[in-house]
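Just so you know, ligand 1 is whichever comes first in the structure, and atom 1 is the first atom listed for that ligand. Computed from a predicted model, the values in this text were never measured in an experiment.
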Amino acid sequence: MSNELVDAMANMREQEALNVAEKMLNDGEDPLKVLALCREAIEIVGKQFEVGKYFLPELVLAGEMLKRISKMAEPFLEQDSEVRTERLGKVVIGTVEGDIHNIGKDIVTFLLDVNGFEVHDLGVDVPPQRFVEAIKEVQPEVVGMSALLTLAFESLKSTVEAIKEAGLRDHVKIMIGGGAVDEEVREYSGADAYGEDAMAAVNLSKEWVGAK
Ligand code: B12
């Protein structure tokens with residue numbers, strides 16, 4: 001079934017991908033595993049786009065499939081987490097300036113929320129100053145930034161710098177993630193940590209608010 005899902009998504013067979021994902025979830029497969037398989041498929045789509053075999057419509061369709069499967073997985077993710085009424089802490093999150101990819105960020109936001117965080121999602125293409133204003137308003141313990149485009153690595157850095165210039169750097173822990181973000185990008189940007197997936201975002205945030 002795992003291969004069927006990857007194969008259907010990577011080859012743009014939308015209805016089949018949705019059916020297989022639905023069946024896996026209903027059969028009790030770990031929703032995080034289902035999302036990981038979607039990412040595997042998306043990697044293939046990305047590579048096909050890079051080599052000119054796929055074009056924008058395929059990227060759009062891959063994004064659509066992923067969005068629909070994430071929505072499908074949400075109730076299962078909720079079941080797996082202990083939904084809390086009291087909040088562990090606050091997180092301000094957004095996709096940085098120049099970048100409009102939001103599927104990964106939305107999964108991170110959802111998982112932080114069901115794991116007990118009050119999440120303030122600033123959306124996509126968020127300018128550094130908007131992060132600064134939100135930190136002043138919300139006073140979060142954690143700031144999360146998502147970036148998928150290599151061009152947006154510059155925005156990660158300028159956002160961390162803007163937070164520093166506003167005198168807020170010591171008040172927040174900053175995590176970054178998305179696509180090609182890695183330890184090297186973390187170092188370049190001046191963030192505190194990078195997270196490979198949505199669960200890493202939850203674990204880092206818990207650690208930083210002392211809930212682990
Ligand atoms: C779907 C998609 C799109 C959709 C986006 C739809 C949407 N609403 O987001 C559309 C079609 C709109 C799109 C547009 C473009 N895209 Co695009 N897109 C993709 C694709 C196929 C999938 C991205 C995705 O959703 N992945 C799945 C999610 C779940 O993964 P994720 O975001 O990495 O998130 C996970 C983790 O990284 C982590 N995470 C994410 N955020 C955060 C944050 C924190 C704090 C933490 C801790 C963790 C974390 O948790 C998530 C869940 O596990 C990728 C290919 C790829 N390999 O990624 C290309 C890709 C990112 N796109 C690319 C490009 C070039 C573009 C365009 C410039 C194309 C164009 N010519 O217009 C535009 C960009 C416009 C802009 N200004 O942003 C390139 C980027 C190349 C580069 N080096 O910069 C890629 C890599 C494709 C490729 N191989 O060439 N795209």
Are any of the protein's heavy atoms under 4.0 angstrom from [atom], yes or no?
| atom | answer |
| --- | --- |
| atom 29 (C) of ligand 1 | yes |
| atom 71 (N) of ligand 1 | no |
| atom 13 (C) of ligand 1 | yes |
| atom 7 (C) of ligand 1 | yes |
| atom 76 (C) of ligand 1 | yes |
| atom 38 (C) of ligand 1 | yes |

*asked:* Contact between Ile176 and Ser189 at the side-chain level, heavy atoms closer than 4.5 Å - yes or no?
replied: yes
Nearest-contact summary for [atom] - protein heavy atom, Å:
| atom | value |
| --- | --- |
| atom 78 (O) of ligand 1 | Ile100 N, 2.8 Å |
| atom 91 (N) of ligand 1 | His101 NE2, 2.8 Å |
| atom 57 (N) of ligand 1 | Glu43 OE2, 3.8 Å |
| atom 79 (C) of ligand 1 | Leu149 CD2, 4.5 Å |
| atom 55 (C) of ligand 1 | Gly46 CA, 3.9 Å |
| atom 84 (O) of ligand 1 | Thr150 N, 2.9 Å |
| atom 90 (O) of ligand 1 | Phe49 CD2, 3.3 Å |
| atom 35 (C) of ligand 1 | Arg39 CZ, 3.8 Å |

*Cut-off 3.5 Å, side chains only: do Gln15 and Asn19 have a donor facing an acceptor?*
yes
_Consider side-chain contact (heavy atoms from CB on, under 4.5 Å). Of Leu122, Val160, Val92, Val126, which one does Met145 pass it with?_
Val160
Salt bridge check, [Y] against [X]: does any charged N sit closer than 4.0 Å to a carboxylate O?
| X | Y | answer |
| --- | --- | --- |
| Asp7 | Arg13 | yes |
| Arg186 | Asp182 | no |
| Arg130 | Glu97 | no |
| Asp106 | Lys71 | no |
| Glu64 | Lys67 | yes |

Nitrogen or oxygen atoms of [X] and ligand 1 under 3.5 Å apart:
| X | value |
| --- | --- |
| Ile107 | no |
| Ser146 | yes |
| Leu59 | no |

Say whether [X] and ligand 1 are in contact under the criterion: heavy-atom distance to a ligand atom below 4.0 Å.
| X | result |
| --- | --- |
| Met199 | no |
| Ala62 | no |
| Ala200 | no |

Could you list the atoms of ligand 1 found under 4.0 angstrom from a heavy atom of [X]?
| X | value |
| --- | --- |
| Gly178 | 33 (O), 37 (O), 39 (N), 40 (C), 41 (N), 42 (C), 49 (C) |
| Glu196 | 36 (C), 37 (O), 38 (C) |
| Asn102 | 7 (C), 8 (N), 9 (O) |
| Asp99 | 78 (O) |
| Val60 | 11 (C) |
| Met175 | 45 (C) |

Under a 4.0 Å heavy-atom limit, does [X] contact ligand 1 with its side chain, its backbone, both, or neither?
| X | result |
| --- | --- |
| Met145 | backbone |
| Val108 | side chain |
| Leu66 | side chain |

Take a 6.0 Å sphere around [atom1] of [X] and say whether it holds more than 12 heavy atoms from other residues, nucleotides or ligands.
| X | atom1 | result |
| --- | --- | --- |
| Glu184 | CD | no |
| Glu183 | CD | yes |
| Arg169 | CZ | yes |

Heavy atom to [atom], shortest distance: which of [options] holds it?
| atom | options | value |
| --- | --- | --- |
| atom 89 (N) of ligand 1 | Lys105, Met65, Glu50 | Glu50 |
| atom 34 (O) of ligand 1 | Gly104, Ala201, Ala193 | Gly104 |
| atom 23 (C) of ligand 1 | Asp125, Leu148, Val96 | Leu148 |

*asked:* If we check salt bridge (Lys or Arg N to Asp or Glu O under 4.0 Å) with Arg68, which of these qualifies: Glu14, Glu22, Glu74?
replied: Glu14
_Heavy-atom closest pair, residues Ala166 and Val132_ = CB-CG1, 3.6 Å
*asked:* Quick check on the hydrophobic clustering: are Leu66 and Leu56 connected, directly or via other members, by side-chain heavy-atom contacts under 4.5 Å?
replied: yes
*Could you give the distance from NZ (Lys47) to CD1 (Ile42), rounded to the nearest 0.5 Å?*
12.0 Å
_Lys157 to Tyr188, cation-pi by 6.0 Å centre distance and 45° axis angle_ = yes
*Given side chain to side chain contact (heavy atoms under 4.5 Å, CB included), test Asp125 with Asp99 step by step and report yes or no.*
CA-CA 5 Å; Asp125 190 15; Asp99 197 328; over 6 Å; no
*Carefully, step by step, assess Phe153 and Val181 under the rule side chain to side chain contact (heavy atoms under 4.5 Å, CB included).*
CA-CA 8 Å; Phe153 295 166; Val181 166; 3.8 Å; yes
